[in-house]
Number of protein chains: 2
Amino acid sequence: MTRDTVPVATVRPLRRDAELNRRKIIESARVVFSERGFGATLDDIAHHAGLGVGTVYRRFPGKEQLVEAMFVERMDEVRELAEQALEEADPWEGFVTFLTRTAELHSDDRGLREVMLSNNFGQERVAAAKERMIPIAVELVRRAKASGQLRADFEETDLAIIHMMIGSVAEYTQEVRPELWRRYLGVLLDGLRADSGEKRPLFPEPLDLPSLDVAMCAWKPRH
Amino acid sequence: MTRDTVPVATVRPLRRDAELNRRKIIESARVVFSERGFGATLDDIAHHAGLGVGTVYRRFPGKEQLVEAMFVERMDEVRELAEQALEEADPWEGFVTFLTRTAELHSDDRGLREVMLSNNFGQERVAAAKERMIPIAVELVRRAKASGQLRADFEETDLAIIHMMIGSVAEYTQEVRPELWRRYLGVLLDGLRADSGEKRPLFPEPLDLPSLDVAMCAWKPRH
DNA sequence: GGTAAACGGAGATACCAACTCCGCATAACC
DNA sequence: GGTTATGCGGAGTTGGTATCTCCGTTTACC
């Protein structure tokens with residue numbers, strides 16, 4: 001058995017142009033999924049990459065597989081975020097940091113939001129990445145409750161719903177005021193703090209009526 | 001000019017069966033739109049009414065017109081709700097009643113939620129009904145702030161966004177726990193109250209993990 | 001019983017996303 | 001530079017869904 005006939009996986013490397021295009025596809029998928037979510041078509045991605053659809057389908061069996069390839073690492077980023085938040089000295093601050101940073105990611109990347117809140121995208125590898133997150137999020141909640149700063153009746157599944165709410169605001173107003181979700185995260189945090197201290201001032205400013213109107217025109221419910 | 005040639009609008013009344021069917025259509029449209037939102041097709045509505053599609057299109061030029069006919073009165077109900085809330089002695093209680101009762105309507109009637117949060121359904125008459133609501137909602141907020149019970153940095157457009165958030169929870173969990181939105185309305189209200197008093201206990205119970213999983217499987221983002 | 005009105009629902013039309021196919025281009029190798 | 005396998009483009013096929021029409025049949029009304 002010579003060094004050149006390694007038993008398995010001696011896949012001939014892609015031709016140089018093909019390899020370049022593969023990277024372009026992944027890059028474009030990242031951009032397009034993050035802007036438009038998984039409603040985007042592979043044709044959109046191909047066009048964004050300046051390639052034909054055929055080229056995309058030659059490299060990836062279908063949309064699912066592209067999503068899978070795309071988001072496992074992204075999910076692991078979120079988990080690392082949670083791990084960092086767990087290292088903050090103040091448990092409440094850790095909790096707030098986690099919520100805020102995650103919401104930032106969701107608001108910048110609609111695709112990521114969709115994988116995290118729906119079980120309809122990605123297969124085992126994405127599901128596995130989610131499982132890996134759960135114990136860390138649970139610990140984050142436990143610790144913040146134990147310190148008496150997070151209200152005692154908060155539970156881990158509330159995290160998902162809170163993200164759902166914040167994300168829906170981000171999506172609703174993204175064309176008009178992409179940062180507006182922070183205002184409502186502020187309201188929620190004031191509602192979640194156990195102590196009855198002063199409220200933090202809300203930031204940023206609320207929508208004015210014309211902007212609300214624009215947001216309402218842009219919004220179409222799912223069917 | 002005889003009595004029989006009255007200039008305008010001498011529309012011959014519908015045949016008895018036709019009139020009956022017209023009512024069935026309206027009734028079914030109410031039910032179907034409220035369960036499935038405006039994603040529902042006129043074919044769905046016809047089938048629910050036990051009629052053919054042709055019958056529906058004979059009475060209503062298209063979906064838009066049916067929606068218009070359907071929701072103007074429903075919107076006015078919401079306005080009346082606001083007016084009643086304005087009559088409650090305690091401004092904060094009035095504010096809470098309004099938010100809660102409106103959210104109940106939204107959670108029972110997906111179509112109503114969609115007309116209220118989007119400008120893509122209905123024409124002038126629906127828009128006019130919305131305009132009629134605004135001053136009342138504004139007054140509700142003004143009064144609750146003036147009494148020192150609602151935080152001073154709350155503004156009227158926040159109402160719409162709060163409804164948006166609550167509605168998204170209602171939609172997310174409706175198959176599993178249709179009343180769960182009340183829990184998060186509770187959090188928001190604790191965040192909106194100006195005084196730094198005790199938090200109200202959250203109700204109902206949070207989702208358990210399996211139920212969250214079911215909700216996540218059922219949820220598909222809009223494209 | 002005659003007639004106009006209304007009915008039913010198959011199917012025309014339109015749209016859209018997923019995916020395939022094959023003639024043409026070009027990188028790789030000698 | 002010539003040969004060949006590999007890759008490319010994008011029109012076109014497939015499949016699904018929603019809107020709306022048409023006409024043979026049925027029904028209300030006088």
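Computed from a prediction, not measured in an experiment: that's the story for all the values here. In what follows, every chain begins at residue 1, and chains take the letters A, B, ... in the order their sequences are listed.
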Selection from dG9(D), dG8(C), dA11(D) that lies nearest to any side-chain heavy atom of R58(A):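 Output: dG9(D).
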Pull out every residue in residues 20-30 of chain A that has a heavy atom closer than 4.0 Å to any atom of DNA chain D, ordered by number, or say none.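 The answer is N21(A).
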Nucleic acid contacts - residues 37-46 of chain B versus DNA chain D, non-hydrogen atoms under 4.0 Å: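 Residues of residues 37-46 of chain B that come under 4.0 Å of DNA chain D are, in numerical order, T41(B), L42(B), D43(B).
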5' precedence on DNA chain D between R15(B) and G54(B) (nearest-nucleotide basis):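 The residue whose closest nucleotide sits nearer the 5' end is G54(B).
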Can you find a side chain N or O atom of T55(B) that sits less than 4.0 Å from OP1 or OP2 on dA6(C)?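 T55(B) to dA6(C) OP1/OP2: no side-chain N or O under 4.0 Å.
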Inter- and intrachain pairs under side-chain hydrogen bond (donor to acceptor under 3.5 Å, both in side chains), touching residues 29-40 of chain B, at least two apart: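 Sorted pair list: R36(B)-D44(B).
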Counting only N and O atoms by type, is there a donor-acceptor contact under 3.5 Å from the side chain of [X] to the main-chain atoms of [Y]?
X       : Y       : result
K24(A)  : E19(A)  : no
Y172(B) : L117(A) : yes
S28(A)  : I25(A)  : no

For R59(B) and for R16(A), find the nucleotide of DNA chain C with the closest heavy atom, then tell me which residue's nucleotide is more 5'.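 That would be R59(B).
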Centroid-to-centroid, F33(B) to F121(B), below 6.0 Å?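 When the ring centroids of F33(B) and F121(B) are compared, they turn out to be at least 6.0 Å apart.
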Indicate yes or no: does E205(A) engage R183(A) in a salt bridge with an N to O separation below 4.0 Å.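 R183(A) and E205(A): not salt-bridged.
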